[in-house]
A.B. asks: 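Can you read through this structure? Questions will come right after.
Lettering of chains follows the sequences in order, A, B, ..., and the numbering in each one begins at 1.
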There are 2 protein chains.
Amino acid sequence: MHKFQIYSIFVVGMVTITDIAKALGVTPSTVSRALSGSPRVKEETRKAVQQAAREMGYERNVLASNLRRGRSDIVGIIVPRIYREFFSKVIGGAESILNAAGYSVLICQTHEKKDAEIRALRTLRKNQVAGVLMSHSFESDDPAPIAEALGEGIPLVQFDRVFRSLPGAKVVNDNFESAYAATRHLIANGYRRIGHFAGYETCELFVDRYRGYCKALEDCGMAVDESIVFKDTIVRETGREAALRALDLGCDAIYSAGAFSALGAIEALKEKGLRLPEDIGVVGTSNEIFTEMMSPSLTTLDQHAYEMGQAAAKAFLFGSQATTLISMELHIRESSSRKSICQE
Amino acid sequence: MHKFQIYSIFVVGMVTITDIAKALGVTPSTVSRALSGSPRVKEETRKAVQQAAREMGYERNVLASNLRRGRSDIVGIIVPRIYREFFSKVIGGAESILNAAGYSVLICQTHEKKDAEIRALRTLRKNQVAGVLMSHSFESDDPAPIAEALGEGIPLVQFDRVFRSLPGAKVVNDNFESAYAATRHLIANGYRRIGHFAGYETCELFVDRYRGYCKALEDCGMAVDESIVFKDTIVRETGREAALRALDLGCDAIYSAGAFSALGAIEALKEKGLRLPEDIGVVGTSNEIFTEMMSPSLTTLDQHAYEMGQAAAKAFLFGSQATTLISMELHIRESSSRKSICQE
DNA sequence: GGAATTTGTGCAAACGTTTGTATTTTTGTG
DNA sequence: CACAAAAATACAAACGTTTGCACAAATTCC
């Protein structure tokens, strides 16, 4: 004969801790503590509660729990666009870590719009999420509204596109080193007048890539020519236009800070009748799936998106405030593989 | 001098309706009704409450609201993979409608796994979402666990991949008609032995595509040859293998129920030295971005994913129980555009 | 064997909102 | 002006959980 006896397991509606308490002849507080693993209940009681909960089909009402605790077990992830290979892989990486740690993931996309971003932050704050992982939109150039919309008390982890001035953890690629390596690769393949498709100046990662590009040229004794550095050249269409101008300006290679602009460039160059990599070489950044499929396949820097997502999730879990660097990897494909003329 | 006078607007912590009530000398219930648009408050009172709320920086505590109302303003969307162009567009379409209607969207991906799917459904139910839009994973072949995990009381809208036997609204493509049209297109381009890459038999949409393919052949006086119908051929790798077998079996064209399997087929065929569309024609389903970029570009059926998402969201909002049909559109590209021999 | 400590439960007050019912105030009618 | 009806507001009880504090029982200590 046990001390705890279940008197009745029939309950109308959802089973609550109060029902369990009544059934066992204890109080709701004891049930709550037993189920949440508090050390303040006897092991025997915990067992009885757990069994009763199982038998009665209890499920914790997370809404009530959240209200009382003032926070939920949801982590928000804000990205510009979910279908970008890069972001979807980051999300996948973050999910794998967060789910294992008992969190659910709420995904929001901003479509690169500032106001959608603010709305997403507000929604997350109102739902009192446990934390936010975010990569800001291109449109937002000011960290202040972000900090305001998120409010205090919710940890923010920024990844890829970060505002240095916001507090909290950051996870970014080694943009400087990788751009350096990509440019050196072009030089090693004998290209001599290398243009650059740069991104937005408000976005640190693009500035770092630009700097890496400059450093590589300088280290090889080449001068940086600002006339063949094309700003804000990230999407397919601007890539097409810039490629044609680069051609007019005598370029024999392009290092693009984006993948879609590199795609546009290759399309435009092919239409002009140029052969890649013989006549002109192209290297892009961000390893979208199409970079491998297109013809010629595109040499790119792989961002290790999955690892970035994992790193961001871990930074949240451990409450880190540090900046993590994820290295990129150069995938050498057809678009830049000319016989090496200038061996290093 | 107004009737309502704000006595104090200084509050520690978050502002609640009780604070507003105190400030105005009314009760929380009146404030609640005023803010939620109940007709049972005087217009003058409503104005005063709204102004006070604004001035005091009030924000409704959605957790408390959800607990009391027993549901939230979140709609869950469950998809196999967010980075699939198709699903991300569906999500985009659903988002546009749901956000406008005051809902937030919680996205979950199952990675085609049954247990991840069940976990997602449980999480959503526990958070008492207002509804769920879902496209089930390939792995799940039984609707019963889905119904059980979601429980009762949460409306379910299925899209694309649906279980006919589950109650609730469904939004699907006109798979039969479109497969028919795609196959007729190949016939019209002079192809005479057309193989089919079919999907999983547990998934209705693939069965419908198969039936459309058969009907087209029959209508043109061609017999269906089961030896050139390749089951479970949906991913890139199986597409490669099936293409080689199809070739051995004398096929001069393939209608694939997937896009990635069509991609694999084209890769394999090109490696074999075949010319497309001259030697062999290929049509795929699902308009992924790479279908347009590859060489030769792939003729596909565009699923109008965005519209499907919008339709699913509307079905939820209006509480529909009907099945909506979204038509697919044949995008004719290089992979099947042989000079027409047999004009219709 | 009594005092001090530890251990396990109970009590009750939150968390902030919503809502059925009761009560007051206002309006309308003869 | 009295009285009924309607309109506006107040009251109070939820929703289900968590948690500080109090209290009893069991254990330890000298």
Side-chain angles (χ1 to χ4, degrees), chain A residues 2-4 11-50 52-53 56-74 125-128 130 153, chain B residues 2-4 11-50 52-53 56-74 125-128 130 153:
Chain A
H2 282 74
K3 181 179 170 193
F4 295 103
V11 176
V12 292
M14 281 281 113
V15 179
T16 71
I17 54 170
T18 312
D19 298 323
I20 298 178
K22 277 189 193 136
L24 291 175
V26 296
T27 58
S29 35
T30 301
V31 175
S32 173
R33 279 191 265 259
L35 291 175
S36 63
S38 158
R40 284 179 51 191
V41 294
K42 214 196 297 186
E43 209 44 46
E44 187 192 346
T45 312
R46 186 190 311 283
K47 287 268 163 55
V49 168
Q50 284 170 339
M56 298 172 72
Y58 170 77
E59 284 187 36
R60 167 196 261 125
N61 182 322
V62 301
L63 259 40
S65 174
N66 291 348
L67 171 61
R68 178 60 230 237
R69 293 183 308 148
R71 67 181 210 86
S72 71
D73 288 330
I74 293 179
R125 170 165 51 87
K126 285 193 160 194
N127 283 279
Q128 312 206 27
Chain B
H2 282 73
K3 180 179 170 195
F4 295 104
V11 175
V12 292
M14 282 281 113
V15 179
T16 70
I17 55 170
T18 312
D19 298 323
I20 298 178
K22 278 190 193 137
L24 291 175
V26 296
T27 58
S29 39
T30 302
V31 174
S32 173
R33 279 192 257 261
L35 292 175
S36 63
S38 160
R40 283 178 50 189
V41 294
K42 216 196 300 187
E43 210 41 48
E44 187 193 344
T45 312
R46 186 189 311 282
K47 287 266 162 57
V49 168
Q50 284 171 338
M56 297 170 74
Y58 170 76
E59 283 187 38
R60 164 196 266 128
N61 182 323
V62 301
L63 260 41
S65 174
N66 291 349
L67 171 60
R68 179 59 231 239
R69 293 182 310 148
R71 65 181 210 84
S72 71
D73 288 330
I74 294 178
R125 169 164 53 84
K126 285 192 160 193
N127 282 279
Q128 311 204 29

A.B. asks: Separation of B:Arg71 atom CZ from C:dT18 atom P, in whole Å?
C.D. replies: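 Nearest whole value for this atom pair: 12 Å.
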
A.B. asks: Can you name the closest pair of heavy atoms from B:Ala21 and B:Pro28 and give their distance?
C.D. replies: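 Minimum heavy-atom separation between B:Ala21 and B:Pro28: CB-N, 3.5 Å.
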
A.B. asks: For A:Arg40 and D:dA25, give me the distance from atom CZ to atom P, rounded to whole Å.
C.D. replies: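 In whole Å, D:dA25 P and A:Arg40 CZ are 17 Å from each other.
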
A.B. asks: Determine, stepwise, if the pair B:Ile74 / A:Asn127 fulfils side chain to side chain contact (heavy atoms under 4.5 Å, CB included).
C.D. replies: CA-CA 10 Å; B:Ile74 294 178; A:Asn127 283 279; 3.8 Å; yes

A.B. asks: Can you measure B:Ile20 atom CD1 to D:dA10 atom C1' for me and round it to whole angstrom units?
C.D. replies: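 After rounding, the reported distance stands at 17 Å.
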
A.B. asks: Can you give me the closest heavy-atom contact between A:Asp19 and A:Met14, atom names plus distance?
C.D. replies: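 What the structure gives for the nearest pair is OD2-O, 3.6 Å.
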
A.B. asks: Name all residues meeting the side chain to side chain contact (heavy atoms under 4.5 Å, CB included) criterion together with A:Thr30; count only those two or more places apart in sequence or in a different chain, and write none if there are none.
C.D. replies: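 If we apply the side chain to side chain contact (heavy atoms under 4.5 Å, CB included) test to A:Thr30, skipping adjacent residues, the hits are A:Val26, A:Thr27, A:Val41, A:Thr45.
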
A.B. asks: List, with names and distances, any nitrogen or oxygen atoms from the protein found under 3.5 Å away from nitrogen or oxygen atoms belonging to nucleotides 26-28 of chain D.
C.D. replies:
none

A.B. asks: To check you understand the geometry: which heavy-atom pair defines the closest contact between A:Ile17 and A:Tyr58, and what is its length?
C.D. replies: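 Scanning both residues, the minimum pair turns out to be CG2-OH, 3.4 Å.
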
A.B. asks: If you look only at pairs with a residue in residues 59-72 of chain B, which of them pass as a salt bridge (Lys or Arg N to Asp or Glu O under 4.0 Å), with sequence neighbours excluded?
C.D. replies: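 Checked against salt bridge (Lys or Arg N to Asp or Glu O under 4.0 Å) - neighbours excluded - the pairs reaching residues 59-72 of chain B are A:Arg125-B:Glu59, B:Arg69-B:Asp73.
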
A.B. asks: Show your reasoning for whether salt bridge (Lys or Arg N to Asp or Glu O under 4.0 Å) applies to B:Glu44 and B:Lys47.
C.D. replies: CA-CA 5 Å; B:Glu44 187 193 344; B:Lys47 287 266 162 57; over 6 Å; no

A.B. asks: For B:Lys126 versus A:Val62, what's the shortest heavy-atom pair and its separation?
C.D. replies: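 So the two residues come closest at O-CG2, 2.8 Å.
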
A.B. asks: Between protein and nucleotides 16-18 of chain D, what N or O pairs are separated by less than 3.5 Å?
C.D. replies:
from	atom 1	to	atom 2	distance (Å)
D:dT17	OP1	A:Tyr58	OH	2.4
D:dT17	OP2	A:Ile17	N	2.6
D:dT18	OP1	A:Arg60	NE	3.2
D:dT18	OP1	A:Arg60	NH2	3.2
D:dT18	OP1	A:Ser65	OG	3.3
D:dT18	OP2	A:Ser32	OG	2.8
D:dT18	O2	A:Arg68	NH1	2.1

A.B. asks: Quick one: B:Lys42 NZ to C:dT26 P, roughly how many Å, whole number?
C.D. replies: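 Atom-to-atom, B:Lys42 to C:dT26, this comes out as 7 Å.
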
A.B. asks: For the residue pair A:Gln50 and A:Leu35, what are the closest heavy atoms and their distance?
C.D. replies: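 Minimum heavy-atom contact is CG-CD2, 4.4 Å.
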
A.B. asks: Would you please test A:Asn61 and B:Gln128 for side chain to side chain contact (heavy atoms under 4.5 Å, CB included) and show each step?
C.D. replies: CA-CA 9 Å; A:Asn61 182 322; B:Gln128 311 204 29; 3.6 Å; yes

A.B. asks: For the pair made of CD in B:Glu44 and P in C:dT26, what is the distance, rounded to whole Å?
C.D. replies: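 In whole Å, C:dT26 P and B:Glu44 CD are 11 Å from each other.
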
A.B. asks: Five pairs per end, C1' atoms only: what is the angle between the end axes of the helix from C:dG1-D:dC30 to C:dG30-D:dC1, to 10 degrees?
C.D. replies: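 Comparing the axis at each end, I get an angle of 40°.
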
A.B. asks: Would you mind reading off the distance between B:Asp19 atom CG and C:dC15 atom C1', rounded to a whole angstrom?
C.D. replies: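 Atom-to-atom, B:Asp19 to C:dC15, this comes out as 13 Å.
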
